[in-house]
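A quick note: this is a predicted structure, and the numbers were derived from the prediction, not measured.
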Amino acid sequence: TATARDRRVLSSRFVRSRRRRRSRYSVCLGVGWFASGTPRVKMRRGLPPAVAGFGTTRAKYYDGDSGYDLERAAEDDDVYKYDKARGRRRRATREWVRLRTRSTYIKIACVLVVLYLVFRPAPPDTFTSSSTAALDAEELQLGPRTGGDRLAEVPRAGVSSPRILPTTVTSQVKTQKHENDDMLARNTSSGSKLVPRLVHQTYKSRSALTERDAALMKTWSDMNPGWEMRFYDDEDCKRFVNEHFPEYYQAYASLEKKVEQSDFFRYLVVLKLGGVYADIDTECRQPLDDFIHAKDTLIVGWENEFFTDSQAYSRHFVRRRQVLNWAFAGAPGHPVLIAVANHINAGAQKIFTKSTNRNTLERTGPGAFTDALMDHFQKLREGEANTFWNVRMLPKVNFGTHPLGEEGVSQDHPDVVIAHRYSGGWKDKSGWNGKRKWYEHMAILFHSLKSDLPEYREKIASRDEHFQMPTVDSEKMYPVNALWKPSFDLLTPLVGTLEDEVTTAEGYWLTLYGRPKLATLSPLRAGETPADMLLVGLNRRAATGGANNKAIFVDVGAGFGYYAIAMASQAHDVYAYEWQDAMVKNMQAAVDYNGLGKNVQIMTEHSSIERGDELTALAERVGKVDGLRISGRGINGALLDGAKSLLSSPLHPGVVLLELNAKVLASSGYSTKQFIELFEFMWNAGYTDIGHAGPSCDGRGVRSLKSQQQSAFDSKAWCRIDVSSIGRVVSAMDDNELEAIVFFHNGAASI
């Protein structure tokens, strides 16, 4: 019969055994008894508490009359000891084996959950995807394989292809009815362009195209009636290169990756035929005729720009500032395409780096394309290249947006021309820096949850054994095509090469958006920007100038010259005040590159503009001032005091643009009360048509005023101001983001 001491010993022994199993096989916290590895306790009536919790296996040794049999219990407990003959622990019951198996299942499930979180696919976009259903040409509405007006077959050997001259293009107009007849009339006008109306797209085979591919490809034909759509599969590409570029065929065939052959083909097909190349996972958002100009010979887009080499490397870029090659437009025979084709031909088997994915980017991808473009641009600047073969390098917002809105540039922005949907999968996950260890995956997961994954990747990038980036020239200037009509090029430094944060921020924003920064909830469309409002005022004055219809525009704090060059491109004369050395250097280079040296005069003495009487003295020298802009960097109390005499004189400008925020107010030497008094002074001087755009406007939302006066801000996304609301506008300004305030004088001619 078991004594009380025996029961206590027996109880503690089993409890310790149960605790060992719980601590040893617990896998996931918070998943309950099933994950802990501890069996459910099965209580039996009539058993003492010391025995009731031991489960059915131990309870069978208890007899209500004779108590607990210690000898049988000891024998049963011995099965948990090591068997000397077999050298392993024997399982006493099948229940213990089931527990071990259950714990293993839980471990596997947890590992699968972690792997899913690390490698989960990107969220689906607005298009429905069908990865298994293969569609034929009719289902894709591409037309038959031969003939038809939608799908053009590459000419076979022995069949002569029509010659396409760079100076004339024959539009192939579809006969079926189009929804937008006005668009069709515009696209089929008699005006000729150097870029032919051809769209080239390629994929491995027609049968591999999915419904999602069809939806994206259809945007090109729908948005561009009158353009010819040409599709090429792998066999078509091979025949095209063999027939038209036999000198490159050996290099083309020797490229191991299909994506490298696709890169090579896109350069060659535009080199031979001209037109627009676009990956099948790109969406056309705007008509091509609206942004391709008559004299354009090559149009590309910036993809991204980075502050450090490690930042670019961690994001899998091979250049600190890199162009994209998933879409571009060109005229036949462009020297840049010849240069990149020669680069691929010479380095088809060259090993650029140990990373296979980076090898592709260097051999045939954006790395090679960027180098060829920048070399040609430098030759254009130095007069070593024929200016007929120009290059327009568009800001990121036009071609280079990402579905996730990287760098804050959304694909819903109204300036997006081509949206890349990223459905391709040519990149090998282990082709960047080898296979990751399990703890590297856990670190990525940890920093993703911590929301500092970009910083973590940048930190470890420089320690990568494959780390390799080209040397950066800090004096190099990079072109970006400004969003303005007529278009012009600005020259900006590479971010991270200058210590001045203001200069860096202005250049970086121009690369992203192609115009100066103005923080609004909804982006201002073309025709509504501060530059457009300035041009309205200048054109009003120019219309009243008689024979001399040129206006005089003064830009204080001109920066990289966006406003100055924009007004000069409209044949107005500009006096630009800028004192920051890097900006002066880049603005002067941009003025020369655009051939506007006769229209723009750059004033570099900061002390002269700090004097309050400088603006009035300038107006007296040149005879008038029709437009005035004072940037946030240019505002100071002495300048504003001196501007009052100009604003109230007969030589007053017809339009004034001020850029303000709370920090500018604090650093200008003017108090808030003095700014309100300045606005009241301008109102009394005749500047009664006032509008503003920026954070203060978004906060107030006052888009119109109860007034019979015709306003330049009617039907535009600007807020109106009158003399009673000036104080509320000033008090609502943001600390960091600028507010653009435009004043129109009521003495200016009507629009």
Side-chain angles (χ1 to χ4, degrees), residues 293 295-296 302 374 376-385 387-388 390-395 475-494 497-498 500 502-504 506-511 513-516 529-532 534-535 538 542 550-606 608-609 614 618 621-622 625-631 633-634 657:
H293 304 154
K295 295 184 179 181
D296 287 339
W302 288 112
M374 288 304 300
H376 183 73
F377 165 74
Q378 192 63 30
K379 292 178 180 178
L380 287 174
R381 277 195 61 200
E382 297 173 356
E384 299 178 3
T387 56
F388 172 83
N390 55 64
V391 175
R392 283 177 61 202
M393 304 178 77
L394 302 176
E475 300 295 325
K476 198 170 189 176
M477 299 181 187
Y478 293 79
V480 57
N481 195 248
L483 299 188
W484 184 256
K485 291 184 179 180
S487 67
F488 58 89
D489 292 301
L490 295 171
L491 302 183
T492 63
L494 181 66
T497 58
L498 300 177
D500 184 72
V502 175
T503 305
T504 298
E506 289 192 23
Y508 182 64
W509 193 266
L510 290 171
T511 303
Y513 290 98
R515 56 169 62 101
T529 67
D532 292 305
L534 278 174
L535 184 61
L538 292 179
K550 282 190 175 182
I552 303 296
F553 174 62
V554 178
D555 192 4
V556 180
F560 290 106
Y562 176 87
Y563 288 96
I565 299 177
M567 300 306 123
S569 70
Q570 300 289 332
H572 298 309
D573 290 335
V574 177
Y575 293 85
Y577 289 84
E578 180 53 55
W579 47 89
Q580 214 282 341
D581 292 340
M583 288 185 171
V584 170
K585 181 180 179 181
N586 284 266
M587 178 169 55
Q588 185 64 65
V591 169
D592 296 338
Y593 183 71
N594 290 281
L596 296 172
K598 294 181 179 180
N599 298 87
V600 180
Q601 184 174 345
I602 301 176
M603 324 287 282
T604 61
E605 291 294 332
H606 192 198
S608 63
I609 195 60
E614 172 64 19
L618 175 64
R621 289 198 306 268
V622 299
V625 171
D626 299 305
L628 172 65
R629 169 184 175 259
I630 305 179
S631 71
R633 296 186 302 111
L657 168 61

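Residues Y577 and V554 meet the side-chain proximity criterion, which asks for heavy atoms closer than 4.5 Å. Put simply, the side chain of M567 does not reach to within 4.5 Å of the side chain of R629, judged on heavy atoms. Counting only heavy atoms from C-beta outward, the side chains of D581 and T604 never approach each other to under 4.5 Å. At least one side-chain heavy atom of H572 sits less than 4.5 Å from a side-chain heavy atom of L535.
Looking at every heavy atom in both residues, L498 comes nearest to P493 through CD1-CG, 3.5 Å. Across all their heavy atoms, T511 and V480 have their closest contact at CA-CG2, 4.1 Å. Taking all atoms of both residues into account, the shortest heavy-atom contact from L483 to Y513 is CD1-O, 3.2 Å. Of all the heavy atoms in L380 and A385, the pair that sits closest is CD2-CB, 3.8 Å. When all heavy atoms are compared, the tightest approach of S631 to G557 is OG-O, 3.2 Å. Of all heavy-atom pairs between I565 and L596, the closest is CG2-CD1, 3.6 Å.
Residue pairs meeting the salt bridge (Lys or Arg N to Asp or Glu O under 4.0 Å) criterion with at least one member in residues 557-574, sequence neighbours excluded: K550-D573.
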Under the side chain to side chain contact (heavy atoms under 4.5 Å, CB included) criterion, do M587 and F560 qualify, and how do the steps go? CA-CA 5 Å; M587 178 169 55; F560 290 106; 5.6 Å; no
Could you give me the CA-CA distance, side-chain angles and deciding distance for Y478 and L510, then say whether side chain to side chain contact (heavy atoms under 4.5 Å, CB included) is met? CA-CA 11 Å; Y478 293 79; L510 290 171; over 6 Å; no
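For the pair W484 (side chain) and A566 (backbone), a donor-acceptor distance under 3.5 Å is present. One N or O on the side chain of Q570 and one on the backbone of K485 form a donor-acceptor pair closer than 3.5 Å. A side-chain donor-acceptor contact under 3.5 Å links D626 to the backbone of I552. Looking at D532, its side chain does come within 3.5 Å of a backbone N or O of T529 through a donor-acceptor pair. D555 places no side-chain N or O within donor-acceptor distance of the main-chain N or O of V574, the cut-off being under 3.5 Å.
Looking at residues two or more places apart in sequence or on another chain, you find a side-chain hydrogen bond (donor to acceptor under 3.5 Å, both in side chains) between N481 and R392, D489.
To the nearest 0.5 angstrom, R515 atom CZ is 12.0 Å from L490 atom CG. For the atom pair CD (Q580) and CG (D500), the distance works out to 4.5 Å, reported to the nearest 0.5 Å. The CG atom of N390 sits 10.5 Å away from the NE2 atom of H293 when rounded to the nearest 0.5 Å. Once rounded to the nearest 0.5 Å, the distance linking CZ of F377 with NZ of K476 reads 9.5 Å. Distance CE/M583 to CG/L491: 13.5 Å, rounded to 0.5 Å. Atom CG of N599 sits about 10.5 Å away from atom OH of Y575, to the nearest 0.5 Å.
Comment: E578 does not engage K585 in a salt bridge, judged by the lack of any side-chain N to carboxylate O separation of less than 4.0 angstrom.
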